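In what follows, a single structure is set out as structure tokens and then discussed.
Keep in mind that what you see is a predicted model, and the values were worked out from it rather than measured. In this chain, numbering begins with 1 at the start of the sequence shown.
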Amino acid sequence: MSHDSLAVKLCQLDDRLERLCSRIRVSGAADHPRLQQEIAALTREWELDDAALQNSLHRSKAAVAGVLAKSYEQVEAALGAAADRLAALEAQRPDARAVVEDKMLLAEYALDLAQQAAGQALLVALRAMDAELLLEKEENTEQ
């Protein structure tokens with residue numbers, strides 16, 4: 001059944017989230033140079049993952065892939081705009097503590113958004129599995 005591939009993807013997501021959680025814990029005890037190295041490494045990883053996902057979406061022959069690619073581009077643009085606005089706020093605020101608080105709040109909301117996205121992904125996966133079961137039932141009834 002094709003839902004096996006969904007289970008694999010969800011396990012990959014679970015593994016990834018575990019690694020991210022571990023990185024946050026470890027980075028919380030890191031000094032500035034080590035944290036800068038971690039940021040650079042994670043940025044490179046994100047760029048590679050991002051390029052691979054975009055490449056996959058653009059190479060796909062599925063009709064829905066174009067819609068997904070456009071949606072992904074819109075989300076990236078919105079996140080980029082939010083980062084630009086935060087940078088502009090930083091430039092206007094002389095209070096370093098307020099800037100840190102803004103960055104922490106942005107991080108919390110980014111994690112909330114990721115959690116929502118993971119929940120949405122699970123819902124989409126379950127709906128796909130349900131559609132597959134209904135199709136199989138229909139095909140078995142016709143035989």
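- Criterion: ILVMFWY side-chain heavy atoms under 4.5 Å apart, direct or through other members. Under it, V26 and I24 are not part of a common hydrophobic cluster.
- S22 contributes no side-chain N or O that, together with a main-chain N or O of E18, makes up a donor-acceptor pair within less than 3.5 Å.
- At least one side-chain heavy atom of D31 sits less than 4.5 Å from a side-chain heavy atom of R34.
- Here CG of L126 is found 4.5 Å from CG of L122. Values are rounded to the nearest 0.5 Å.
- Note that CG of L48 is 9.0 Å distant from CZ of R44, once rounded to the nearest 0.5 Å.
- To the nearest 0.5 Å, atom CG of residue D14 and atom CZ of residue R19 are 10.0 Å apart.
- For R23 and E45, the salt-bridge test passes: some basic side-chain N is under 4.0 Å from an acidic carboxylate O.
- Using a 4.0 Å cut-off between a side-chain N of Lys or Arg and a carboxylate O of Asp or Glu, R97 and E101 do not qualify as a salt bridge.
- Linking Ile, Leu, Val, Met, Phe, Trp and Tyr residues whenever their side-chain heavy atoms come within less than 4.5 Å places V64 and L53 in a single cluster.
- For R16, the side-chain hydrogen bond (donor to acceptor under 3.5 Å, both in side chains) partners at least two apart in sequence or on another chain are D49.
- Residues L57 and A69 approach most closely at CD1-CA, 3.8 Å, considering heavy atoms.
- S60 contributes no side-chain N or O that, together with a main-chain N or O of S56, makes up a donor-acceptor pair within less than 3.5 Å.
- Transitive grouping of hydrophobic side chains (ILVMFWY, heavy atoms separated by less than 4.5 Å) keeps L17 and L111 in distinct clusters.
- E90 is not listed as a side-chain neighbour of D102, based on a closest heavy-atom distance of 4.5 Å or more.
- The number of heavy atoms from other shown groups lying within 6.0 Å of NE2 (H58) is above 12.
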Practice task
Check the pair M129 / L6 against side-chain contact (heavy atoms from CB on, under 4.5 Å), numbers first and verdict last.
Solution key: CA-CA 9 Å; M129 291 166 60; L6 297 177; 3.7 Å; yes
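- Remark: Y109 OH to M104 CE distance equals 15.0 Å, nearest 0.5 Å.
- In this structure, Q120 and Q116 have side chains that are not in contact, with every pair of non-hydrogen atoms separated by 4.5 Å or more.
- No side-chain heavy atom of Q37 sits less than 4.5 Å from a side-chain heavy atom of P33.
- In this structure, S5 OG and Q12 CD are separated by 10.0 Å, a value rounded to the nearest 0.5 Å.
- Remark: the Q54 side chain and the E76 side chain contain an N/O donor-acceptor pair separated by less than 3.5 Å.
- A distance of 11.0 Å separates CD in E139 from CG in L134, rounded to the nearest 0.5 Å.
- V75 and L113 fall within the same hydrophobic cluster, where Ile, Leu, Val, Met, Phe, Trp and Tyr residues are linked whenever their side-chain heavy atoms come under 4.5 Å apart, directly or through other members.
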